[in-house]
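Below: the structure, in structure tokens.
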There are 2 protein chains.
Amino acid sequence: MNPHPHQDPAPPGGHTPAQARGRRRRAALLDTAVTLLAEGGFAAVTHRAVATRAGLPLAATTYYFASRDQLLAEAFAQLVQTELATTRAWITRHGLTALPDQIAAADRRRQLGLWELYVHAGRDPVLQHIARRWTDGCVRIIAETLGLPATDTRVRLLYTTVSALWLEHVVEQRPLDQARTLLTHALHHATGPHPPATGDTR
Amino acid sequence: MNPHPHQDPAPPGGHTPAQARGRRRRAALLDTAVTLLAEGGFAAVTHRAVATRAGLPLAATTYYFASRDQLLAEAFAQLVQTELATTRAWITRHGLTALPDQIAAADRRRQLGLWELYVHAGRDPVLQHIARRWTDGCVRIIAETLGLPATDTRVRLLYTTVSALWLEHVVEQRPLDQARTLLTHALHHATGPHPPATGDTR
DNA sequence: GGCGAAGTGGTACGGGTGTGCCAAATTTTA
DNA sequence: TAAAATTTGGCACACCCGTACCACTTCGCC
């Protein structure tokens with residue numbers, strides 16, 4: 001049932017609430033953290049801001065999360081998961097060529113927050129692990145769409161193009177026309193008549 | 001003489017020192033800012049940290065730079081410029097295929113700082129302008145190396161691969177082997193027998 | 001020389017931060 | 001029901017931040 005085989009087993013630290021209301025509150029805090037991250041970058045994700053926005057007392061954040069870092073890490077994980085799911089859904093509905101439209105339609109600030117945390121993961125082993133999950137997830141989506149193994153060079157190559165164009169658009173806000181063209185070319189290369197990439201069978 | 005035609009004409013705000021020592025100090029502050037950025041991300045670039053590290057009084061930072069944002073922006077510009085120059089030098093010496101080696105040899109934290117600011121540029125129009133310069137610079141290097149116009153689809157496509165692999169390596173620290181393979185393939189596509197930029201294969 | 005501008009550096013203010021503390025309220029268990 | 005565990009929320013501490021202020025020194029120039 002669950003399409004996500006490797007979930008966080010149980011993030012340590014902080015209190016894992018045993019009561020229903022507590023679980024709801026914890027989730028609300030996490031959602032709020034993601035929202036704030038999107039709105040103002042991860043500098044905006046402070047205990048106070050999250051608690052206030054969620055309509056909860058300040059101490060709630062320190063109660064459910066061992067530290068700000070942990071809050072951020074879990075928010076990142078959630079963001080990765082939801083974005084992956086959204087993208088997968090869009091692509092299975094509209095195909096890979098429609099990805100620019102998805103990018104255009106998506107909440108830019110949210111993407112920005114995702115990439116912010118992604119880069120930040122380069123300094124934090126915990127976040128790094130989640131960042132890898134993001135990359136792997138994207139690759140897997142492409143692989144499944146193309147019906148190729150995730151290790152196929154063509155898949156990996158296509159992913160780099162998608163990824164770079166995505167980031168570039170989110171950051172630099174250039175017109176999407178060129179991105180569309182490039183993606184089409186890249187797709188053609190990946191699905192085209194070439195059999196050259198032939199896989200690392202591993 | 002100057003190989004960089006579009007320099008910052010004169011960053012407004014802050015004092016542009018008229019005396020030699022002042023200019024040296026300003027430059028030292030900027031260098032220190034870049035160093036701190038590399039060491040601890042841009043949250044570590046504070047007035048106090050920069051001043052202390054540079055061996056200057058706190059007020060020096062506010063004297064030479066109108067605000068922290070301006071300091072950060074100029075540090076970003078400098079980082080972009082030096083990294084671009086380094087990369088260009090490396091590639092003209094060793095060729096595009098050696099790029100993974102350059103990436104491996106480069107100061108990872110410095111790259112991390114660059115990408116951090118790059119993503120941050122998505123929220124700040126001033127930085128966004130510099131971010132575009134970074135992308136354009138990379139594309140131009142590739143175009144010159146390949147002897148193609150910077151608008152060529154193959155160039156742009158190759159850039160996306162390079163860029164994504166670069167970021168991925170810096171953030172996720174995966175082994176470089178696969179990146180090397182991918183880059184080789186991408187290069188082959190770009191320089192290969194195809195004339196695909198306009199007319200599609202055969 | 002002297003004098004105005006440029007540069008210097010010590011200090012202070014107001015504000016926001018993460019987090020620890022602890023008594024009260026609430027829920028679960030016995 | 002009573003007792004125990006969990007959850008709550010108000011508060012305060014210590015710290016660091018950006019920046020303004022201002023007496024002081026040094027420099028460029030007439």
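Bear in mind that the values here come from a model prediction, so they are computed numbers and not experimental data.
OP1 or OP2 of C:dA6 has not a single side-chain nitrogen or oxygen of B:H15 nearer than 4.0 Å. Listed pair A:Y63 / D:dT8 fails the phosphate criterion, with no side-chain N or O lying under 4.0 Å from OP1 or OP2.
Checking C:dT19, D:dG18, C:dA6 against every side-chain atom of B:Q19, the shortest atom distance belongs to C:dA6. Comparing atom distances between the B:L58 side chain and each of D:dT19, C:dG7, C:dG18 picks out D:dT19 as nearest. Taking the side chain of A:H47 as heavy atoms from C-beta on, and the options C:dG18, D:dG10, C:dC13, the nearest nucleotide is C:dG18. For A:R25, the listed nucleotide lying nearest its side chain is D:dG9; candidates were D:dG9, D:dC17, C:dT19.
For A:R48 and C:dG18, a side-chain-to-base donor-acceptor distance below 3.5 Å is present, hydrogens and geometry of angles not being considered.
Remark: C1' of C:dG9 and CG of B:L29 are 13 Å apart, rounded to the nearest angstrom. For the pair A:L36 CG and C:dG16 C1', the interatomic distance rounds to 15 Å; values are reported in whole Å. Protein atom CD of B:Q70 is 14 Å distant from nucleotide atom C1' of D:dG18, rounded to whole Å. Between the CG atom of B:L72 and the C1' atom of D:dG18 there is a distance of 13 Å, given to the nearest Å. Remark: P of C:dT8 and CZ of B:F65 are 13 Å apart, rounded to the nearest angstrom.
Among the heavy atoms of the strands lying under 4.0 Å from B:T46 are primed sugar atoms or P, OP1, OP2 only; no base atom is included. Residue contacts for B:L56: at a heavy-atom cut-off of 4.0 Å it reaches no nucleic acid atom on any strand shown. Nucleic acid contact class of A:S67 (heavy atoms, under 4.0 Å, all strands): sugar-phosphate only. Residue-level contact check: B:R21 touches the backbone only, with heavy atoms under 4.0 Å from sugar-phosphate atoms and none from bases. Here B:A18 lies in heavy-atom contact (under 4.0 Å) with sugar-phosphate atoms only.
Between B:F42 and A:F42, the ring planes lie parallel to each other; the angle is under 30°, not in the 30° to 60° tilted range.
Between B:T62 and A:A59, the residue anchored nearer the 5' end of DNA chain D, judged by the nucleotide with its closest heavy atom, is A:A59.
At least one cation-pi condition fails for B:R23 and B:Y64: the charged atom is not both under 6.0 angstrom from the six-membered ring centre and inside a 45 degree cone around its axis. Cation-pi geometry between A:R140 and A:Y159 is not met at under 6.0 angstrom from the ring centre and within 45 degrees of the axis.
Side chain of B:Q78 to main chain of B:E74: no donor-acceptor pair is present (N/O by atom type, distance under 3.5 Å, no hydrogens or angles).
Of the N and O atoms on the side chains of B:Y118 and A:E172, at least one donor lies less than 3.5 Å from an acceptor on the other residue.
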